[in-house]
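To start, the structure itself, in structure tokens.
Nothing fancy with the numbering, it's 1 onward along the sequence.
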Amino acid sequence: NIPGYPSLSYIKYLLNHKGRGSIYQYLLTRGYITTSWSAETTLDGPQKVILALICGATEEGVTDPEFILTAVFRYLRAACSDGVNVQLWNSVNEINKLTFRFQEK
């Protein structure tokens, strides 16, 4: 984790969130996307991580990808400057713990 910034798990959760106030709802209701999800992978060990937001863009989204990019970066900037939502962070941690505990061996 980078001091002063939310963890990768928290950011990934925000990007995958589909509810009210999410970047997904914002772009969907404006007609720029039909679906979205995020994925992560590591390069050369755990210190280099790529986090991707994949969107199913509509014709409007394909025509104006800058709108999507700008909206996503503003959303993430606001999430960082507003600080971590403690209730949401606790939920993310619980989900991560359960996922780890019940993963296939």
Side-chain angles (χ1 to χ4, degrees):
N1 291 341
I2 301 170
Y5 287 90
S7 76
L8 183 62
S9 296
Y10 184 77
I11 293 170
K12 187 175 174 186
Y13 182 86
L14 290 176
L15 292 175
N16 281 323
H17 180 59
K18 304 287 192 242
R20 195 177 69 162
S22 68
I23 189 63
Y24 169 80
Q25 281 295 320
Y26 178 79
L27 294 170
L28 180 73
T29 58
R30 283 157 182 78
Y32 283 86
I33 65 169
T34 57
T35 188
S36 73
W37 66 96
S38 68
E40 67 181 90
T41 189
T42 57
L43 298 172
D44 302 324
Q47 297 303 316
K48 297 178 184 176
V49 178
I50 295 174
L51 178 63
L53 176 63
I54 300 99
C55 296
T58 62
E59 189 173 318
E60 184 75 23
V62 170
T63 304
D64 191 7
E66 189 174 330
F67 182 89
I68 296 172
L69 289 171
T70 301
V72 169
F73 281 103
R74 283 184 180 160
Y75 179 77
L76 291 174
R77 192 176 308 119
C80 289
S81 66
D82 290 348
V84 173
N85 177 320
V86 175
Q87 183 179 1
L88 181 58
W89 174 243
N90 289 336
S91 297
V92 170
N93 278 334
E94 284 302 311
I95 290 168
N96 288 341
K97 287 178 191 174
L98 289 172
T99 301
F100 178 77
R101 184 173 169 206
F102 293 104
Q103 70 185 350
E104 290 186 31
K105 295 182 181 187

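- Every residue meeting the side-chain contact (heavy atoms from CB on, under 4.5 Å) condition with Thr63, not counting sequence neighbours, appears here in chain and number order: Glu59.
- Scanning for side chain to side chain donor-acceptor pair (under 3.5 Å) contacts around Glu60 gives an empty result, with sequence neighbours left out.
- In the hydrophobic clustering of ILVMFWY residues, with side-chain heavy atoms under 4.5 Å counting as a link, Leu15 and Val49 come out together.
- Between the side chain of Thr34 and the backbone N or O of Gly56 there is at least one donor-acceptor pair closer than 3.5 Å.
- If you take CG on Leu76 and CG on Leu53, they are separated by 8.5 Å, rounding to the nearest 0.5 Å.
- The side chain to side chain donor-acceptor pair (under 3.5 Å) check on Thr35 picks up nothing, with sequence neighbours excluded.
- Atom OG in Ser36 sits 11.0 Å away from atom NE2 in His17 (nearest 0.5 Å).
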Return all side-chain donor-acceptor pairs below 3.5 angstrom for residues 37-46, not counting sequence neighbours, or 'none' if the list is empty.
unit_1	atom_1	unit_2	atom_2	d
Ser38	OG	Asn16	OD1	3.2
Ser38	OG	Asn16	ND2	3.0
Glu40	OE1	Lys12	NZ	3.4

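- The side-chain contact (heavy atoms from CB on, under 4.5 Å) search around Ala71 returns Ile23, Tyr26, Leu27, not counting sequence neighbours.
- Evaluation of the ring pair (Phe, Tyr, Trp, His ring centres under 6.0 Å) test over residues 43-73, restricted to residues two or more places apart or in two chains, returns Tyr32-Phe67.
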